[in-house]
Structure formats: C-alpha cells, structure tokens
Amino acid sequence: MSASVSFDSQPSLFQPTKVGRMNLSHRIVLAPLTRFRITISHAPIPEVVREYYSQRASTPGTLLITEAAVVSPQAGGFPHVPGLWSDEHIQGWKEVADAVHAKGCYIFFQIVAIGRGANLEALHDHDPSFEVVSAGDIPEPVVESTSGPQFAGTIPRPLTKPEIDQYVKMFAETASNAVYKAGFDGVEIHGANGHLIEQFLREGSNNRTDEYGGSIENRARFLLEVVEGVSKAIGEDRTSLRITPWLHDRGLAMKHPIPLFSYVVAELKKRFPNLAYLHAVESRVSVIDDRTPDADESNDFIKALWCPRPLILAGGFLRDNAVQAAETDGVLVAFGRRYIANPDLPYRLMKNIPLNSYDRSTFYLMGDATGRGYTDYPFAKANE
C-alpha cells in the first residue's frame with residue numbers, strides 16, 4: 001500500500017519541492033548504488049531489477065537514481081555492470097522506468113566512464129583492442145578488497161583529443177537513449193568516486209600538458225564539455241552531476257580540493273543555470289564505507305555557491321542529520337545503505353519507524369537473480 005502522508009507542519013525533509021521538471025513530494029532520494037544484478041551482456045536481470053526499483057518507489061513523488069551504467073563497451077571494465085547501447089539494454093531499463101512511473105515516482109539514470117580503474121581482462125572480453133585509458137598515464141593503486149569492487153593497477157594510456165571528443169559524444173548518446181528511448185526523467189553524470197571524469201579533475205591522475213591538464217580550468221574542461229554535451233542532448237533541466245570533493249580513495253586525495261570544486265560549481269552555475277540538480281558526497285564516507293573526516297572537510301562551500309538551486313547531499317545520513325541538512329533551502333538528502341535495507345524508507349523516516357539493518361555481504365552479488373539482499377527486505381507493516 002502506498003503511503004498517504006500529510007506534509008502540514010513537517011520538517012523540510014518531508015515537504016514537497018520542485019527539481020528540474022519533477023514535482024517531488026519530499027526530499028528523500030535513493031542514491032545511485034552499484035549492485036551488480038546485471039547479466040553478462042550488461043542488461044538488467046529480468047524481473048528482479050524492476051522489482052527492486054519498484055519497491056523503492058512505494059511513496060509517490062520520490063526521486064530514485066539508478067546505479068551507474070557505462071556509456072559504451074570501451075568505457076567499461078567490470079563484469080555485470082549496466083550498459084545502454086543495445087536494444088536489450090534499453091528494453092530492460094524501460095521496464096524499470098515504467099514500473100517506477102506507475103508508482104507515481106521519478107527516476108534518473110546515472111552514466112559513467114570507468115577510466116584507469118577498468119579491468120583489462122573485462123575490456124578484452126568485449127574486444128581485444130580495447131585499452132585501459134585515463135586522463136594521464138598514472139596507474140590506479142592496486143586495492144585488495146573483499147567488501148566491494150576491486151580496482152586495477154594497469155598503466156593507462158592517456159586519451160587523445162579526438163578520443164576525448166568521442167567520449168563526450170558517448171555520454172550525450174547514452175543520455176539520449178535513457179530519456180528518449182528508455183523513458184527516464186533525466187540523467188545523472190557520474191563525475192565522482194575516481195572514475196574517468198574525476199581522473200581529469202585531479203592531479204593524482206592527470207599529468208597532461210595540453211589544454212586538459214595543468215591548471216584547474218584545464219582539468220575541469222572535460223567535465224564541463226560532458227555536461228554541455230548531455231545538456232544539449234536532453235535539456236539542462238534533465239541533466240545533473242555527481243561529485244566527490246573529499247575523495248580520499250584510489251590515489252586521488254587532495255590537501256586542498258576546495259579551489260578546484262569551487263571553480264567547477266561556479267562554472268556549472270554560470271554555464272548551466274537550469275541544471276536539474278548538483279549531487280555532492282559528504283566527507284564522512286569513502287567510496288564503499290565510512291571514514292572520519294578532518295574538521296575542515298565540509299560541503300558548506302558548495303551550499304554557499306549553489307543553493308537555493310537543488311543540491312542533493314549523500315553519505316552517512318540518518319533521520320536526525322537528514323532533517324537538519326534539508327533545512328538549508330534547496331537541499332535534498334540521498335540515502336544508500338539504509339535505502340537498500342528499507343524499500344519504504346521515505347515512509348519509515350516520515351513516521352519515525354525503526355529501520356531494518358542492512359547486510360553488507362549481499363551488496364555486491366554479481367549476476368545474482370535470486371533477490372537475496374536485494375528485493376527481500378521487509379516493508380513496515382503499515383506500509384505493506
């Protein structure tokens with residue numbers, strides 16, 4: 001049963017707001033979450049992926065953001081991650097978007113290029129000519145992990161200028177497929193978590209000497225070109241961007257990231273005044289887990305530059321700090337792990353109902369079609 005909630009006298013987190021073309025009934029968002037319930041051909045596993053997103057659309061007027069889909073085979077480098085270049089992909093994701101819309105909710109499609117973190121073997125499974133590429137030729141530090149995706153260590157080949165232009169086109173074409181063929185409400189460009197766009201931004205991965213390297217302005221050029229290409233393809237008000245200013249993983253930590261990301265946010269504000277939203281990850285989380293931030297690691301500078309435009313904040317939120325965050329005009333709050341375990345999370349937060357605990361061991365079950373740890377978390381009894 002869908003929740004029927006009175007918004008009178010509620011905190012801003014539970015109040016309606018407009019984001020792009022969407023009229024949301026509250027400010028709780030499903031964060032983009034890699035789950036690997038994808039076939040070897042990069043299509044959503046029939047039934048189970050549709051059910052997963054449909055469950056999390058149980059409160060009408062909710063915004064959901066999908067897991068990241070790679071913009072082309074050569075832009076990937078992991079098995080069991082989504083794509084959107086084939087009819088099979090488009091039809092599978094159209095069923096997801098249709099199911100979410102049938103619940104009265106909205107859904108954005110996240111798109112990404114992996115870059116230097118790609119697994120060379122996975123690339124060669126598509127085409128032996130594919131290479132690990134990046135902004136520069138600095139390899140990803142080798143990470144041994146049992147709790148999430150493992151990143152490579154292959155020395156990447158720097159993209160040429162014509163290849164950079166081609167990547168911009170790939171992002172734009174995938175965005176067009178998402179909106180005009182699969183029926184999504186918009187697209188979130190993944191400029192975060194150390195993937196290709198962020199590899200251009202950061203000196204730890206970008207040692208170029210041309211117009212895409214060196215100065216902050218040059219290192220931000222690729223990001224801004226991608227946002228422009230996607231905006232032209234689907235409209236600014238259907239386009240959004242995710243960033244991780246306080247990333248400390250993947251060899252990309254910066255002592256002073258505020259000047260870089262202040263420039264990025266200021267340019268977005270100037271060049272794309274109708275952007276649907278900006279999405280920033282908080283400093284208290286890493287790529288896959290929590291961390292203890294330094295006292296000066298805050299996204300307040302982004303709020304000062306961007307708000308009252310729509311700004312989604314993500315990372316380590318619970319009910320109380322989410323309520324507090326949403327009191328800033330324009331702020332919405334994205335939940336990841338808690339939304340995994342609580343398909344009716346907006347209803348539970350509105351009613352202050354205790355949350356189910358999540359099981360991290362089931363987060364990344366590659367190709368699993370059983371729904372274990374995916375579609376089997378219970379709803380609150382009053383919302384079933």
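Worth saying up front: this structure is predicted, and the values here are computed from it rather than measured. We count residues from 1, following the sequence as given.
- Between the side chain of S176 and the main chain of A172, no donor-acceptor pair closer than 3.5 Å is present.
- Counting only distance, with no hydrogens or angles, the side chain of K269 and the backbone of W306 share no donor-acceptor pair below 3.5 Å.
- For the atom pair CD1 of I107 and CG of L30, the computed distance is 8.0 Å after rounding to the nearest 0.5 Å.
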Give the intermediate values and the outcome of side-chain contact (heavy atoms from CB on, under 4.5 Å) for residues Y106 and N23.
CA-CA 9 Å; Y106 304 92; N23 293 306; 4.2 Å; yes
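- Residues S58 and P343 share a closest heavy-atom pair of OG-O, 3.6 Å.
- L241 CG to F272 CZ: the interatomic distance, rounded to the nearest 0.5 Å, is 9.5 Å.
- A donor-acceptor pair under 3.5 Å is absent between the side-chain atoms of S54 and the main chain of R50, judged by distance alone.
- Of the possible polar contacts, none joining the H195 side chain to the G115 backbone as a donor-acceptor pair under 3.5 Å is found.
- Y52 and E67 share no side-chain donor-acceptor pair at under 3.5 Å.
- Atom CG in N352 sits 12.0 Å away from atom OH in Y347 (nearest 0.5 Å).
- Two rings, from W85 and H89, have their centers less than 6.0 Å apart.
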Would V132 and E140 count as a side-chain contact (heavy atoms from CB on, under 4.5 Å) if you check the C-alpha gap in whole Å, the side-chain angles of each, and the deciding distance to 0.1 Å?
CA-CA 11 Å; V132 175; E140 178 106 1; over 6 Å; no
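- For the residue pair Y377 and Y374, the shortest heavy atom distance occurs at CE1-N, 4.4 Å.
- The closest side-chain donor-acceptor pair between Q110 and H279, if any, does not fall under 3.5 angstrom.
- Scanning all heavy atoms of the two residues, the minimum distance from R35 to R37 falls at O-NH1, 2.9 Å.
- More than 12 heavy-atom neighbours from other residues, nucleotides or ligands sit within 6.0 angstrom of CG on L318.
- With rounding to the nearest 0.5 Å, the separation of CD in E217 from CZ in R221 is 9.0 Å.
- Without hydrogens or angle criteria, R208 side chain to L159 main chain gives a donor-acceptor distance under 3.5 Å.
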What verdict does the side-chain contact (heavy atoms from CB on, under 4.5 Å) test give for F379 and Q55, after you've listed the backbone C-alpha separation in whole Å, the side-chain angles of each residue and the deciding distance to 0.1 Å?
CA-CA 9 Å; F379 286 73; Q55 286 179 350; 3.9 Å; yes
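- Side-chain N or O atoms of H80 include one that pairs as donor or acceptor with a backbone N or O of I38 at under 3.5 Å.
- F108 and I340 sit in two unconnected hydrophobic clusters of ILVMFWY residues. Membership requires side-chain heavy atoms under 4.5 Å apart, directly or through other members.
- For the residue pair E188 and Y277, a side-chain donor N or O sits within less than 3.5 Å of a side-chain acceptor on the partner.
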R242 and V281: side-chain contact (heavy atoms from CB on, under 4.5 Å), yes or no, with the steps?
CA-CA 8 Å; R242 193 181 212 218; V281 178; 3.6 Å; yes
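- Between N342 and R348, the side chains place a donor N or O and an acceptor N or O closer than 3.5 Å (distance only, hydrogens not considered).
- R21 and I234 make their closest contact through NH2-O, 4.4 Å (heavy atoms, listed as atom of the first residue, atom of the second, distance).
- Between T244 and F261, the shortest heavy-atom distance links the atoms O-CZ, 4.0 Å.
- If you check the side chains of S231 and E236, you find no donor sitting under 3.5 Å from an acceptor.
- Side-chain contact check for Y167 and Q74: no donor-acceptor pair (N or O, by modelled atom type) lies under 3.5 Å.
- Formation of a donor-acceptor pair under 3.5 Å by the D249 side chain with backbone atoms of G194 is not found in this model.
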Hey, mind stepping through R219 and E203 against salt bridge (Lys or Arg N to Asp or Glu O under 4.0 Å) and telling me if it holds?
CA-CA 8 Å; R219 285 183 279 126; E203 292 174 322; 3.7 Å; yes
Would you please test Y358 and F363 for ring pair (Phe, Tyr, Trp, His ring centres under 6.0 Å) and show each step?
CA-CA 9 Å; Y358 57 81; F363 281 4; 5.6 Å; yes
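- The line from CH2 of W246 to CG of N299 is 7.5 Å long, rounded to the nearest 0.5 Å.
- A donor-acceptor contact shorter than 3.5 Å links the side chain of R27 to the backbone of P16.
- Side-chain atoms of H26 do not come within 3.5 Å of backbone N or O of L13 as any donor-acceptor pair.
- Atom CD of E267 sits in a crowded spot, with more than 12 heavy atoms from other residues, nucleotides or ligands closer than 6.0 Å.
- Distance alone, capped at 3.5 Å, is enough to place a donor-acceptor pair between the N206 side chain and the F200 backbone.
- Around atom CZ of R372, no more than 12 heavy atoms belonging to other residues, nucleotides or ligands sit under 6.0 Å away.
- The line from CG of L268 to CG of L223 is 6.5 Å long, rounded to the nearest 0.5 Å.
- Residues D137 and P158 approach most closely at N-CG, 3.9 Å, considering heavy atoms.
- Annotation: cation-pi pair R238/F184 absent, no NZ/CZ under 6.0 Å from the ring centroid and within 45° of its normal.
- Side chains of Q199 and S134: a donor on one and an acceptor on the other come within 3.5 Å.
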